[in-house]
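Throughout, a chain's letter reflects where its sequence line sits, starting with A, and its residues are numbered from 1. The figures here come from the full heavy-atom set of this structure, side chains too, leaving out hydrogens, waters and symmetry mates.
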Amino acid sequence: MSYNHQDIEKKWQKRWEDDQIYRTPDAIEEKFYSLGMFPYPSGDGLHIGHPKGYTANDIWARYKRSRGFQVLMPMGWDSFGLPAENYAIKTGVHPAQTTKKAIDNFRQQLKSIGLSYDWSREISTSDPSYYKWTQWIFLRLFEKGLAYQKEAPVNWCPGCQTVLANEQVKEGLCDRCSSKVVQKNLKQWFLKITDYAEELLEGLDDLDWPDSIKAMQKNWIGKSSGASVNFDVNESTSKIEIFTTRPDTLFGATYLVISPEHPFLKIHSAKLSSEVLDYIEQAKAKSELDRQAAKEKTGVDTGFEAIHPLTNKKIPIWVADYVLMGYGTGAIMAVPAHDERDWDFAQKYKLPIISVIEDPNDSDVISESDSESENKNVILGAVEGSYNQENNKPPALYTGHGRLINSGSWNNLHSETDLKTVLLNITNAGIGKEEVNYRLRDWLVSRQRYWGPPIPVIYCEKCGVRGVEDKDLPVQLPDDVDFKPTGESPLNDSETFHNVKCLACGGVARREVDTLDTFVDSSWYFIRYLDTNNESEICGAKHLKKWMPVDLYVGGAEHAVLHLLYARFITKALDDIVGLGVREPFRKLVNVGLIRAEDGQKMSKSRGNVVNPDEIVAEFGADSLRIYEMFMGPFEESVQWDPKALVGVRRWLDRVWNLSTKLKDFEDDPQVVKVVEQTIEKVTADIENFRFNTCISAMMIAANKLQEQTSISAELFARYLKILAPFAPHLAQELWERTGNIGYLDDVEWPVAELSEETEVTVIIQVDGKFRGKVTLLKDLEQSLVEERAKAVENVAKFLEGTAPKAIYVPGKLINFLTK
RNA sequence: GGCGCGGUGGCGGAAUUGGCAGACGCGCUAGGUUUAGGACCUAGUUCUCGUAUGAGAGUGAGAGUUCGAGUCUCUCCCGCGCCACCA
């Protein structure tokens, strides 16, 4: 028989809400902060992927509550952003209206799934009472020099008509609209995330996060250790400083390459040939992305020569656009014998190639030599080697990270200790020093768009740039604007908005008209939940102390180097400025795997393969939806939506429903009790490990066992309902009440499996490693007795006939007879 | 090219420390119940041979360690994700 899920689910959702049982308690018990990444409230409503992550948070919240934890599980809206603004451009409907409607829909949809949120803490990033504090954070960063303006080549998306952060450009395309991103030189606001590069990298080690996310962040931060070396320039007083990760190959440097933007070229432009000047002009016209796309490296000889600091030989200085001004010093030494890219470049332009070999006369590189001036090779413990021109191959080739790619007769001398020694000696010789570089760039946060928090800054002709005063926050978004993007912020339209008086001199001033990247909003929302209604502080200290950090954070891996990196940075910066008491926001992170459509593709409106959660809830019920999404496969893996498999879950819940008719005052079969108790044990362990799929299969097995029985005791069934409750809260609660229990299952303590110690064990019997049978016998029998019993098993005896087997016995588990 | 993750029946997936491979669910097959339907009940379902008890093969390929490998080691192939001229 099938139960009526609609009535039951609505009934309990209403009672939970009326009784406010999921309000965060204010008690002294140990806390648990369960958080899912808050959604962008899209006009299309909830995606089928949202409930997957949120159900995981809910299972943990319910589980932790019944283990005596004080649980905080809030929900809110990442409600600033482009889709609402684009909709406004098309229809003229104000984003605030669209957003409110979408939020109301989302809220109702989430409530229909039975997620135990504390809705009294709801926040919305586009609400002035929220973005007031986003602006407040910006001002604090500005005061500390962590928010600054600079003119730089930045990523411009022609589709979205705004600049983008590096993290928002994927393979040269806009992460949001897939337009080809171009480069523009603009004065923009940046946040100095690079100040925290080292801490962001080191902090990863202590986080309980998936390795893949840690690896992506590590990769993105991109730390390289090496040295900077100064090269004097012939007929010039300028020096050129290069960065290298392979200072041990300094002997092999046969030319320098500098970036077309390098200041050396500006200083000496009068002496440069027209060919060089043309090349610089051409490079300027190309974006960094176009330059990267070029298959072959190009370059021009500047005519200048550098002095090699070890050999005093003159080596040419080239300019090439594959050397980027934004990384390192914008200049490199080229060692074609030991670097693949330099090798290609040297081949193309017929530049000299010198390989480096270990000095056969100076194996002990650490010992100081008095004759250093004569034997500079002591510095590196290496000398110039002869390069074998005949086979046209260098003895060894390295890529940028010192990884050997073509091992010849020469071995890598680039060990950790070698590098340390080389660095020390270079420093002592006064030709360079140890240097660390990061790939990470500062976070560009200006956006030329309307639907975001205004940057709270005022420009005065006399007094310059000033932050808005705290008492004047929030700087509210004006309504009298045309949303149509022009490449300049729509806020520019609003006279009332941007014409202001200078706070210092009272003179003519204007407001900043750009808004902040919406990723700034989401970098701190987990803090606001702790003290949602506080009007005088971002968050009260006692709440921070009590609830931070987030104990469990569930969300998609696509935020690896976006939100998850920004939130870590803002947390660290805020801790330094106002003292949060934590350096990391999210203690444990779990990635929710993507749900793909039935056709295996990503779900999208344009493909027409989107599944609507409302329809699933209506047809199968919220409990079925929740459980199906948990049952589909390993939580972190991507899975394919299969409506037929959903039916299987519903069948199981129907069977559980029908089990309740078998309840009697009855002594259960110990075998049945054992199965239920084992299930309790397994479900508990598997929740802890995020293995919800196996939790559910274990509960299905127990249901199958219970179904074989003609009668079940109410006590045993109640234990089963309790472990079912986090997964199917409505059904479990309804059956709980129907089978003579009172109150909310949420208030019932989590059961501890009651398993009596086994007196018998089943031993697997193998002959020559092949399974041949098994035998059940008393625990702790001596090996000789086990052997005797095992040999007597019919199917085993057959294979042992006429042999004198040697036995390997794993006590209580397995016995293996070897006949050969 | 680098980094990370993965490859098990018709399908989604189990097998947590090396010890009965394929749990659980879908699908499929046969039978039952029903006017009918299936989100009902029963039995079966890795492949090959066999009516069957059973035997042999089998976890991307190949080697190795081990009494014993889906699991550990090495080499390779394939798929997915991220980064990619970062010196």
For atom [atom1] of [X] and atom [atom2] of [N], their distance in whole Å:
| X | N | atom1 | atom2 | value |
| --- | --- | --- | --- | --- |
| A/D654 | B/G38 | CG | P | 16 Å |
| A/Y322 | B/C85 | OH | C1' | 8 Å |
| A/L653 | B/C40 | CG | P | 12 Å |
| A/W641 | B/G25 | CH2 | P | 19 Å |
| A/R772 | B/C20 | CZ | C1' | 12 Å |
| A/R650 | B/G38 | CZ | C1' | 13 Å |
| A/E629 | B/G25 | CD | C1' | 16 Å |
| A/F635 | B/U16 | CZ | P | 22 Å |

Pick the closest RNA chain B nucleotide for A/N704 and for A/G222 by heavy atoms, then say which residue is nearer the 5' end.
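Taking each residue's closest nucleotide, the earlier one in sequence belongs to A/N704.
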
Both A/A215 and A/K644 contact RNA chain B. Which one's nearest nucleotide lies toward the 5' end?
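Checking each residue's closest nucleotide, the 5'-ward one belongs to A/A215.
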
Please list, chain by chain and in numerical order, all residues satisfying salt bridge (charged side-chain N to carboxylate O under 4.0 Å, His left out) with A/E636, sequence neighbours excluded.
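Salt bridge (charged side-chain N to carboxylate O under 4.0 Å, His left out) list for A/E636, sorted by chain: empty.
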
N/O to N/O distances under 3.5 Å, protein versus nucleotides 5-13 of chain B:
| residue | atom | partner | partner atom | Å |
| --- | --- | --- | --- | --- |
| B/G12 | O2' | A/M632 | O | 2.6 |

Do the numbers put [X] on top of the ring of [Y], so that NZ or CZ is under 6.0 Å from the six-membered ring centre and no more than 45° off the axis?
| X | Y | answer |
| --- | --- | --- |
| A/R772 | A/F799 | yes |
| A/R596 | A/W641 | no |
| A/K223 | A/Y438 | no |

Aromatic ring centroids of A/W652 and A/F631 under 6.0 Å?
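Between A/W652 and A/F631, the centre distance exceeds or equals 6.0 Å.
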
Measure from the ring center of A/W318 to the ring center of A/F345 and say whether it is less than 6.0 Å.
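Yes, ring centres under 6.0 Å apart.
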
Under 4.0 Å, heavy atoms only, any strand: does [X] hit a base, just the sugar-phosphate, or nothing?
| X | answer |
| --- | --- |
| A/K218 | nothing |
| A/W652 | nothing |
| A/F799 | sugar-phosphate |
| A/E619 | base |
| A/R651 | sugar-phosphate |
| A/I764 | base |

Just by distance, do the side chain of [X] and the backbone of [Y] share a donor-acceptor pair under 3.5 Å?
| X | Y | result |
| --- | --- | --- |
| A/N816 | A/I808 | no |
| A/K52 | A/F635 | yes |
| A/Q640 | A/E598 | yes |
| A/N689 | A/R691 | no |

Ignoring backbone atoms, establish whether A/R655 has a side-chain N or O less than 4.0 Å from OP1 or OP2 of B/A39.
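For A/R655, the contact criterion (side-chain N or O under 4.0 Å from OP1 or OP2 of B/A39) is not met.
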
Hey, does the side chain of A/K770 come within less than 4.0 Å of B/G58's phosphate (OP1/OP2), counting only N and O?
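Answer is no, no contact under 4.0 Å.
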
Proximal nucleotide (of [options]) relative to the [X] side chain:
| X | options | value |
| --- | --- | --- |
| A/V323 | B/C41, B/A87, B/C83 | B/A87 |
| A/D686 | B/A87, B/U16, B/A15 | B/U16 |
| A/T694 | B/A15, B/A87, B/A84 | B/A15 |

Quick one: are A/P309 and A/V229 in side-chain contact, heavy atoms under 4.5 Å?
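Result yes, sub-4.5 Å side-chain heavy-atom pair found.
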
Just wondering, do A/E241 and A/E435 contact through their side chains at under 4.5 Å, heavy atoms?
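When only atoms from C-beta onward are counted, A/E241 and A/E435 do touch, with a gap below 4.5 Å.
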
Take atom [atom1] in [N] and the same atom in [M], then report the distance between them in whole Å.
| N | M | atom1 | value |
| --- | --- | --- | --- |
| B/G10 | B/U46 | C1' | 11 Å |
| B/A21 | B/U29 | C1' | 24 Å |
| B/A69 | B/G54 | P | 23 Å |
| B/U51 | B/G64 | C1' | 43 Å |

Whether A/E787 and A/R789 form a salt bridge (side-chain N of Lys/Arg under 4.0 Å from carboxylate O of Asp/Glu) is what I want to check.
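Salt bridge absent between A/R789 and A/E787.
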
Taking the basic N atoms (NZ, or NE/NH1/NH2) and the acidic carboxylate oxygens, is any pair closer than 4.0 Å for A/R650 and A/E619?
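Salt bridge between A/R650 and A/E619, a charged N being under 4.0 Å from a carboxylate O: no.
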
Using atom names, set out every protein N or O paired with an N or O of nucleotides 64-68 of chain B below 3.5 Å, distance rounded to 0.1 Å.
| residue | atom | partner | partner atom | Å |
| --- | --- | --- | --- | --- |
| B/C67 | O2 | A/N816 | ND2 | 2.6 |

Protein-proximity profile, nucleotides 43-49 of chain B, B/S/- by nucleotide at the 4.0 Å heavy-atom cutoff, equals -------

Let me see the working for A/F620 and A/Y628 under ring-ring contact (aromatic ring centres under 6.0 Å, His included), right down to the final yes or no.
CA-CA 10 Å; A/F620 296 92; A/Y628 172 58; 9.1 Å; no

By side-chain contact (heavy atoms from CB on, under 4.5 Å), which residues pair with A/A790, not counting sequence neighbours?
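A/I765, A/I815, A/F817.
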
Can you run through RNA chain B from 5' to 3' and write each base as (, ), [, ], | or . depending on how it pairs? Watson-Crick or G-U wobble, both distances under 3.5 Å.
(((((((..(((......[....)))((((((.......))))))((((....))))..(((((..]....))))))))))))....

